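Each remark here refers to the structure printed beneath this line.
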Amino acid sequence: MSHELLTCAEMGRADQAAIAGGTAGIVLMEAAGAAVAQEVMAAMGPQPRRVMVLAGPGNNGGDGWVAARHLAAAGWPVELASMVDREALRGEARLAADQWMGSVLPISQAAARFAAMPDEMVPPVVIDALFGAGLSRPIEGELADLLASLAASTARVVAVDVPSGVSGDDGAVMGMAAPAVLTVSFFRPKPGHWLMPGRALRGRLVIADIGIPDSVLREIAPATMLNRPSLWRHALGAPVASDHKYRRGHLVVAGGPPETAGAARLAARAGLRAGAGLVTIACLSDALSIYAGADPAVMTRVAPTPEAFEQLLHDRKVAAAVLGPGQGVDALTRDWVRRALARLPAAVLDADALTAFAATPDLLFDQIREVTGNGARVVLTPHDGEFARIFPDLSDMGRLDRARIAADHTGAVVVLKGADSVIAAPGGAGARIAINGNAPARLATAGAGDVLAGIAGGLLAQGLPAFEAAAAAVWLHGAAARRLPRGLIAEDLPDALPAVLDAVAPGTDPTLDPLGFGLDG
């Protein structure tokens with residue numbers, strides 16, 4: 001399954017490339033409308049039920065006219081309400097509308113139809129073909145009231161491309177949107193299908209083949225991807241007979257004070273389960289007894305001074321470090337972060353390792369740019385609150401823009417965590433950026449972020465490039481949670497990793513959906 005996500009502009013280029021290659025625009029529209037009708041019948045059948053099609057003034061509405069015709073031909077009772085008179089339509093939308101032989105209601109009567117819909121055993125279907133993903137202004141007034149009526153009705157909403165009012169580029173709601181149970185889009189998904197709140201509003205997502213050849217992607221060269229194993233599977237090394245623990249990588253986790261020691265312990269166990277050859281927790285002496293008795297496979301070392309911590313990094317052949325989970329927001333954390341960045345080839349900075357620099361973020365960013373410029377691999381893993389503390393000027397932007405600009409500014413790979421985590425590589429507008437889609441809601445539990453940091457650290461310790469390590473960590477974290485039942489706690493996640501890693505190991509079939517986890521989540 002492909003992993004490319006196309007912005008609205010890129011999808012427009014794909015359409016135009018297909019048309020330039022000899023496929024007429026009306027042929028694409030016919031295929032799109034037929035696909036919508038097919039998916040409605042598959043999802044809502046086998047017995048026909050009442051359908052109302054809401055048709056907008058553009059090509060999205062044209063798809064609705066085609067869908068209405070196919071459903072009516074299959075024996076489904078169909079009504080169509082249009083925003084504009086048929087004579088006002090242009091291009092392919094007019095050609096599609098001219099093929100409709102049924103009656104046409106003005107859109108102003110549609111809301112009354114919703115209100116009059118009885119509470120039937122089999123609810124009616126409304127096909128939302130008002131506006132597509134490229135909507136440029138908020139839905140207001142009568143149309144907003146229409147969508148509000150639709151949302152309050154008993155109807156089962158099927159959206160064409162996206163639910164009207166949802167931005168295809170960032171998933172934001174522009175004024176008003178009615179949630180759909182099914183969204184049918186075409187050729188490739190868009191970022192707004194996977195970014196919240198668009199992801200929550202679209203229902204099940206179907207991407208239909210309408211005849212656009214995959215070859216058009218070569219010229220478009222999309223930079224935004226859905227985070228799937230095909231992005232990073234190649235970087236996962238398979239164990240070999242000559243391996244030893246140092247070849248698999250030594251990960252150091254910075255331990256905090258006794259009262260927050262659980263965070264580092266979670267990160268350390270996750271690093272081991274992710275494949276690091278050995279893991280050491282470095283801590284102050286007052287926390288040694290807590291860390292030493294936590295996990296037999298995790299070593300502990302007391303670092304009473306920053307200089308002792310730096311010496312530990314030098315003496316123990318350390319390949320990567322995780323700093324921040326439960327470490328404390330203070331000068332000591334800042335000192336350990338600076339020394340780890342200066343000494344090590346790879347580091348994950350999470351939680352307190354970021355918040356500790358909230359007053360002076362440029363001091364951190366300058367050092368990260370310096371070390372990544374010399375080949376170091378650095379991954380930052382903030383959630384929204386931590387991101388806002390160190391990147392306050394970016395807080396009003398969409399998630400993709402925030403993550404992309406932060407990565408470019410720091411030189412690090414940035415994981416902006418959330419239900420729709422975004423993984424961004426530095427390098428500007430054309431740099432790789434991935435949206436994660438497999439994280440279940442039950443991951444919202446204390447300590448889950450510490451586990452994610454540990455997974456990323458374990459992969460970095462094994463030598464993975466920063467983007468691949470970060471993207472893999474986020475996906476593996478979600479996949480581990482999906483193997484676990486409701487009531488999972490963070491301690492459960494590391495021990496679910498081995499089965500997930502086996503399922504995506506190099507040499508497994510890359511065309512399969514690992515573990516049977518579909519993309520419609």
Side-chain angles (χ1 to χ4, degrees), residues 249-271 276 278-288 290-292 294 298-372 374 376-382 386 389-390 410-413 449-450 452-454 456-458 460-461 466:
H250 182 187
L251 175 67
V252 163
V253 177
E259 60 269 24
T260 56
R265 290 164 58 182
L266 287 168
R269 185 165 182 82
L278 66 163
V279 176
T280 297
I281 295 179
C283 63
L284 301 180
S285 57
D286 62 345
L288 177 62
I290 294 176
Y291 289 119
V298 175
M299 300 185 296
T300 53
R301 290 290 184 274
V302 172
T305 65
E307 293 77 15
F309 174 67
E310 185 173 357
Q311 193 63 41
L312 182 157
L313 300 180
H314 175 71
D315 290 346
R316 304 296 297 181
K317 302 177 183 177
V318 177
V322 173
L323 300 108
Q327 195 174 353
V329 181
D330 53 26
L332 183 62
T333 294
R334 291 193 293 273
D335 198 340
W336 279 32
V337 168
R338 287 192 292 262
R339 291 173 189 270
L341 289 173
R343 173 64 67 178
L344 296 179
V348 177
L349 305 185
D350 181 47
D352 294 347
L354 301 172
T355 301
F357 288 91
T360 56
D362 284 337
L363 292 179
L364 175 63
F365 301 160
D366 288 345
Q367 186 178 6
I368 294 173
R369 282 194 298 269
E370 180 181 353
V371 300
T372 55
N374 292 325
R377 294 161 291 134
V378 179
V379 175
L380 312 183
T381 57
E386 292 156 353
R389 290 178 202 129
I390 59 171
T410 61
V413 170
D450 306 319
L452 174 62
L460 286 175

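Note that this is a predicted model, so its numbers are computed, not measured.
- Among residues at least two apart or in separate chains, salt bridge (charged side-chain N to carboxylate O under 4.0 Å, His left out) pairs with a member in residues 345-357 are Asp350-Lys417.
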Thr280/His250 under side chain to side chain contact (heavy atoms under 4.5 Å, CB included): CA gap, chis, key distance, verdict | CA-CA 8 Å; Thr280 297; His250 182 187; 2.8 Å; yes

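- For residues 318-331, the set of pairs meeting the side-chain hydrogen bond (donor to acceptor under 3.5 Å, both in side chains) definition, not counting sequence neighbours, comprises Asp330-Thr333.
- Within the structure, ring pair (Phe, Tyr, Trp, His ring centres under 6.0 Å) pairs that include any residue of residues 343-371 comprise Phe365-Phe391, Phe365-His409 (at least two apart or interchain).
- By the side-chain hydrogen bond (donor to acceptor under 3.5 Å, both in side chains) test, Thr372 pairs with no residue at all, sequence neighbours left out.
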Go through Leu380 and Ile368 one step at a time and tell me if the side chain to side chain contact (heavy atoms under 4.5 Å, CB included) criterion holds.
-> CA-CA 10 Å; Leu380 312 183; Ile368 294 173; 3.9 Å; yes

Give the intermediate values and the outcome of side chain to side chain contact (heavy atoms under 4.5 Å, CB included) for residues Leu349 and Leu364.
-> CA-CA 11 Å; Leu349 305 185; Leu364 175 63; 3.9 Å; yes

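- Take Ala346 and apply the side chain to side chain contact (heavy atoms under 4.5 Å, CB included) test, not counting sequence neighbours, and it matches Ala320, Arg377, Leu460.
- Listed by chain and number, the residues in a side chain to side chain contact (heavy atoms under 4.5 Å, CB included) with Gln311 are His314, Asp315 (sequence neighbours excluded).
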CA sep, side-chain torsions, deciding dist, call: Val298, Val253, side chain to side chain contact (heavy atoms under 4.5 Å, CB included) | CA-CA 10 Å; Val298 175; Val253 177; over 6 Å; no

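- Applying the side-chain hydrogen bond (donor to acceptor under 3.5 Å, both in side chains) test to Glu386 and every residue at least two apart in sequence or in another chain returns His383.
- Listed by chain and residue number, nothing satisfies the side-chain hydrogen bond (donor to acceptor under 3.5 Å, both in side chains) test with Asp362 (two or more places apart in sequence, or in another chain).
- The ring pair (Phe, Tyr, Trp, His ring centres under 6.0 Å) contacts involving residues 321-342 comprise Phe309-Trp336, where partners must be two or more places apart or lie in separate chains.
- Among residues at least two apart or in separate chains, salt bridge (charged side-chain N to carboxylate O under 4.0 Å, His left out) pairs with a member in residues 332-341 are Glu307-Arg339, Glu310-Arg339, Asp335-Arg339.
- For Tyr291 (side chain) and Met299 (main-chain N/O), no donor-acceptor pair under 3.5 Å exists by modelled atom type.
- Here CG of Leu313 is found 10.5 Å from CG of Leu341. Values are rounded to the nearest 0.5 Å.
- For residues 251-267, the set of pairs meeting the side-chain hydrogen bond (donor to acceptor under 3.5 Å, both in side chains) definition, not counting sequence neighbours, is empty.
- For Arg369, the side-chain hydrogen bond (donor to acceptor under 3.5 Å, both in side chains) test picks out Asp366, with sequence neighbours left out.
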